[in-house]
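This report concerns only the one structure given below.
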Amino acid sequence: MTHIYDLGVIGGGVHGATVALFAARGGMDVALFDRGPLCREASGVNAGTLTMQMTRVALIPYALKAHAMWASAREWLGHDVGVVVCDGLSIAFTEGEAEILSFRAGKRREAGAPIELVTGARAKAIEPGLSNDILLAGYCRIDGFANAYLTGLAYRNALLQAGVHLNEGTPVLGVERENDYFALRTRTRTVRVRRIVLAGGVWIEPMLAWLGVRLPIRTLVNQLAVTERIAPVMRTVVGIASGLLSLKQYPHGTVVIGGGWQGIGDRDRGGVELVPDRLVGNVRLACHAIPALRGARLARAWAGLEAETSDALPAVGPIPGVPNAYVCGSVHSGYTSGPYFARLLADLILGHEPEMPLFPIDRMLASPNATATV
Ligand SMILES: Cc1cc2nc3c(=O)[nH]c(=O)nc-3n(C[C@H](O)[C@H](O)[C@H](O)COP(=O)(O)OP(=O)(O)OC[C@H]3O[C@@H](n4cnc5c(N)ncnc54)[C@H](O)[C@@H]3O)c2cc1C
């Protein structure tokens with residue numbers, strides 16, 4: 001007789017892998033599918049910042065919970081992803097940036113993020129590596145970073161220990177409803193599951209189309225660069241009011257430079273191309289913020305695809321009109337907050353009331369042109 005899983009999860013980034021992990025620990029028989037290795041798209045190539053200052057205001061309460069999850073990753077994930085908890089500074093060089101910073105820091109503080117505004121001199125006392133030209137900074141003690149490259153390895157071990165049936169290198173080609181279950185088509189077989197979670201990152205849009213649901217998902221192509229190993233030049237995570245910079249130095253000495261400077265790429269083609277002029281702009285800004293970086297050489301640059309809904313808020317919850325089908329993704333600063341959102345969804349699937357509200361996609365189906373929030 002054909003085996004029917006309790007849950008099939010399609011997409012093995014932080015969202016899909018976390019739903020699968022908690023559902024399996026809650027007693028479900030779970031199969032997880034990824035067309036490649038686990039966490040090798042956005043969840044494995046991101047900048048690893050665990051941030052409040054880059055997180056959308058509405059998501060701050062979730063990001064606080066998520067940060068606590070990452071800080072205790074050894075307990076719930078059981079494996080190390082190189083999490084470093086440290087201070088974070090969002091800096092302003094100009095009056096215009098200071099104004100943006102004050103407004104955004106105020107909103108995030110109201111939402112619960114412990115961000116205080118500090119003078120340039122105080123920022124420099126917190127982060128001696130900073131430029132002398134800082135006017136104002138947002139200072140948050142709840143910040144930090146992880147090593148995104150370790151994410152897949154950590155989840156693979158945890159998922160196998162939890163008894164999840166892992167199918168890496170297995171693209172799902174389509175999903176059909178058959179009586180009380182879903183039939184997932186792969187290249188070699190059809191797998192039957194009672195419930196499904198679509199967690200395909202930027203590929204959520206074509207996945208939802210399998211079920212007749214149209215939800216536009218924008219693809220961002222974020223570029224990153226990393227320096228060679230250098231002597232310590234900074235001890236905090238540094239961003240900028242405009243959002244165009246993220247900087248941190250890993251314990252082994254490399255500095256990762258990001259800030260969402262866009263490359264070229266799309267989800268259908270899959271590949272990405274760097275735009276050197278924009279990388280240079282990103283690196284110049286980094287050297288302006290931390291002058292000691294001027295002597296460092298870049299070791300590598302790359303890009304990855306990040307998903308964004310029309311209102312820049314998550315797509316996490318049941319899929320309208322399709323019983324037992326769920327979507328999980330498009331979370332802004334999704335490496336930081338993704339695991340917490342996914343755990344909430346796993347709770348719902350297990351029949352428990354999630355401790356915070358989800359972000360069902362009904363709102364965007366009713367109003368496809370909703371605009372982005374702060
Ligand atoms: C360059 C970059 C830097 C970033 N920096 C940060 C940061 O510093 N801090 C932060 O909080 N967030 C950051 N983000 C955002 C964060 O990485 C993402 O929000 C998060 O990782 C998304 O996770 P996901 O599980 O939704 O998607 P993904 O990690 O993209 O996972 C989706 C998975 O679905 C699989 N898949 C697709 N189609 C199929 C199919 N047909 N069958 C089977 N599997 C399929 C893919 O192979 C992939 O593994 C960054 C993103 C990028 C790209």
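The first residue in the sequence is number 1, and the count goes up from there. Whatever order the structure lists ligands and atoms in, that order sets their numbers, starting from 1.
Listed by atom number, the atoms of ligand 1 under 4.0 Å from Val14 heavy atoms are 23 (O), 25 (O). If you number the atoms of ligand 1 from 1 as listed, the ones under 4.0 Å from a heavy atom of Gly304 come out as 1 (C), 53 (C). Which parts of ligand 1 touch Gly200 is read off a 4.0 Å heavy-atom cut-off, strictly below it: atoms 32 (C), 34 (O). Taking a cut-off of under 4.0 Å to the non-hydrogen atoms of Glu41, the atoms of ligand 1 that pass are 30 (O), 46 (C), 47 (O), 48 (C), 49 (O). Below 4.0 Å from some heavy atom of Val331 lie the following atoms of ligand 1, by number and element: 19 (O). Heavy-atom contacts of Thr336 reach the following atoms of ligand 1: 10 (C), 11 (O) (cutoff under 4.0 Å). Those atoms of ligand 1 with a heavy atom of Thr49 less than 4.0 angstrom away are 7 (C), 8 (O), 9 (N), 10 (C), 11 (O). Close approach to Leu305 involves these atoms of ligand 1, each under 4.0 Å from a residue heavy atom: 53 (C).
At the shortest separation from atom 14 (N) of ligand 1 among protein heavy atoms lies Asn46 CB, 3.8 Å.
The shortest N/O to N/O separation between Val172 and ligand 1 falls below 3.5 Å. No N or O atom of Asn222 sits closer than 3.5 Å to an N or O atom of ligand 1. Taking any N or O of Ser330, backbone or side chain, none lies under 3.5 Å from an N or O belonging to ligand 1. Annotation: Val45 places no N or O atom under 3.5 Å from an N or O atom of ligand 1; distance criterion only. Backbone and side-chain nitrogen or oxygen atoms of Asp34 are examined, and one is located within less than 3.5 angstrom of a nitrogen or oxygen of ligand 1. For ligand 1, one of its N or O atoms has an N or O atom of Ser333 under 3.5 Å away. Looking at ligand 1, you'll find an N or O of His15 within less than 3.5 Å of one of its N or O atoms.
Within the 3.5 Å criterion, the main-chain N or O of Leu313 finds no donor-acceptor partner in the side chain of Arg56. Side-chain N or O atoms of Glu168 include none that pairs as donor or acceptor with a backbone N or O of Phe33 at under 3.5 Å. Between the side chain of Ser72 and the main chain of Met69, a donor-acceptor pair closer than 3.5 Å is present.
With a 4.0 Å cut-off on non-hydrogen atoms, Leu173 does not touch ligand 1 at all. Of all the heavy atoms of Cys328, none lies under 4.0 Å from any atom of ligand 1, so neither backbone nor side chain is involved. At a heavy-atom distance under 4.0 Å, only side-chain atoms of Ile10, from C-beta outward, approach ligand 1. At a heavy-atom cutoff of 4.0 Å, ligand 1 is contacted by both the backbone and the side chain of Tyr335.
Within the structure, the closest approach of Gly338 to ligand 1 does not fall below 4.0 Å when heavy atoms are considered. Using 4.0 Å as the threshold, Pro171 has a heavy atom nearer than that to some atom of ligand 1. Every heavy atom of Arg40 sits 4.0 Å or more from the atoms of ligand 1. Ligand 1 has Met207 within reach: a non-hydrogen atom of the residue lies less than 4.0 Å from it. Residue contact check for ligand 1: Gly48 places a non-hydrogen atom closer than 4.0 Å to it.
With a 4.5 Å cut-off on side-chain heavy atoms, Met52 and Arg108 do not count as touching. Contact check for Ile10 versus Val175: side-chain heavy atoms found under the 4.5 Å cut-off.
Ionic pairing of Arg192 and Glu178 is present here: one or more N-O contacts between side-chain nitrogen and carboxylate oxygen are shorter than 4.0 angstrom.
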Q: With side-chain contact (heavy atoms from CB on, under 4.5 Å) as the test, would you mind laying out the steps for Ile115 and Gln53 before giving the verdict?
A: CA-CA 8 Å; Ile115 300 173; Gln53 305 212 62; 3.8 Å; yes
Q: Just do the side-chain contact (heavy atoms from CB on, under 4.5 Å) check on Leu305 and Leu220 with the steps written out, would you?
A: CA-CA 6 Å; Leu305 304 181; Leu220 306 176; over 6 Å; no
Q.
For a side-chain contact (heavy atoms from CB on, under 4.5 Å) check, start with the C-alpha distance between Leu208 and Arg214, then their side-chain angles and the critical distance, and finish with the verdict.
A. CA-CA 7 Å; Leu208 282 166; Arg214 163 137 177 74; over 6 Å; no
**Q.** Test log, rule side-chain contact (heavy atoms from CB on, under 4.5 Å), inputs Thr309 and Phe359
**A.** CA-CA 11 Å; Thr309 59; Phe359 282 78; over 6 Å; no
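Between Tyr335 and Trp70, the ring-plane angle classifies as parallel under the 30° and 60° cut-offs. Phe341 and Tyr62 have parallel rings, their planes meeting at less than 30° on a 0 to 90° scale where 60° marks the start of perpendicular.
With Arg267 as the fixed residue, the salt bridge (charged side-chain N to carboxylate O under 4.0 Å, His left out) test singles out one of Glu308, Glu205, Glu306: Glu205. Each of His165, His3, Arg194 was scored for a side chain to side chain donor-acceptor pair (under 3.5 Å) with Asp29, with one residue passing: His3.
With values rounded to the nearest 0.5 angstrom, Leu184 atom CG is found 8.5 Å from Thr190 atom OG1.
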